[in-house]
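Numbering starts at 1 and runs along the sequence shown. Just so it is clear, the values below take in all heavy atoms, side chains as well, and ignore hydrogens, waters and symmetry mates. What you see is a predicted model; the values in this text were computed from it and never measured.
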Amino acid sequence: MFRFFLTCFCLLLLFFVGVVLGMQKANTGLVNMRGYDDPSLRQAAQIRNEEGVLKPELFGKQVDSHDLEDKKKKLEEMKAFNAFSSLGKKATEGTKELTTRIIDFIVPE
């Protein structure tokens, strides 16, 4: 019986060490894939300070507040309809109404 427990413990220890080493190898692979160690990759977002004025850049293009306002207006004009969102809202309202009726039926005022 002791040998069985010792064998199981050794196998569990071996599997645990294997999992930890695998996680470390995966982490190293992810870091290399993202390019953290590669100095030739540029940053996606940068903020430059020119003559006391901060100028944000995304992927090398200047970003102005006017661009953001235009995009906001376009989104408001489109009034995008999301079927899943409206379906979720209806399901929520129905569930709320059902639970309220059940509680009122069980506990009358």
Side-chain angles (χ1 to χ4, degrees):
M1 188 63 135
F2 177 73
R3 282 178 46 190
F4 175 74
F5 284 124
L6 184 63
T7 305
C8 287
F9 179 74
C10 289
L11 281 173
L12 284 175
L13 185 64
L14 178 69
F15 288 147
F16 178 74
V17 169
V19 167
V20 169
L21 289 176
M23 288 172 58
Q24 180 62 36
K25 180 69 176 168
N27 184 34
T28 305
L30 284 173
V31 167
N32 290 338
M33 184 176 66
R34 288 181 183 160
Y36 288 130
D37 296 334
D38 189 2
S40 65
L41 293 177
R42 296 185 327 178
Q43 292 181 347
Q46 295 178 350
I47 298 178
R48 294 188 182 186
N49 187 1
E50 295 178 4
E51 300 173 3
V53 178
L54 297 177
K55 295 186 177 182
E57 289 184 357
L58 286 175
F59 299 110
K61 294 182 180 179
Q62 290 279 338
V63 178
D64 295 332
S65 62
H66 301 292
D67 296 337
L68 297 177
E69 290 173 5
D70 291 339
K71 288 180 183 179
K72 184 178 176 182
K73 287 179 184 176
K74 286 180 185 177
L75 286 175
E76 287 175 357
E77 289 173 1
M78 287 188 340
K79 293 184 182 177
F81 175 74
N82 188 350
F84 292 114
S85 177
S86 63
L87 187 65
K89 287 178 184 178
K90 288 179 182 177
T92 303
E93 291 171 3
T95 306
K96 183 180 177 183
E97 182 68 28
L98 180 67
T99 33
T100 304
R101 287 186 181 184
I102 291 172
I103 291 173
D104 287 342
F105 179 74
I106 293 173
V107 185
E109 292 184 28

Practice item. State the OG1-CZ distance between T7 and F2, to the nearest 0.5 angstrom. Key: 9.5 Å

Check your understanding: Can you tell which of I103, I102, D104 makes a side chain to side chain contact (heavy atoms under 4.5 Å, CB included) with I106?
Key -> I102

Revision key, fill the gap. Distance col, row L21:CG vs F16:CZ, nearest 0.5 angstrom, shows 10.0 Å

Exercise for review: Verify the cluster assignment for F15 and F4: are they in a single hydrophobic cluster under the rule of side-chain heavy atoms below 4.5 Å apart?
Suggested key: no

Point to revise | Listed partners of R101 passing side chain to side chain donor-acceptor pair (under 3.5 Å), at least two apart | key: E97

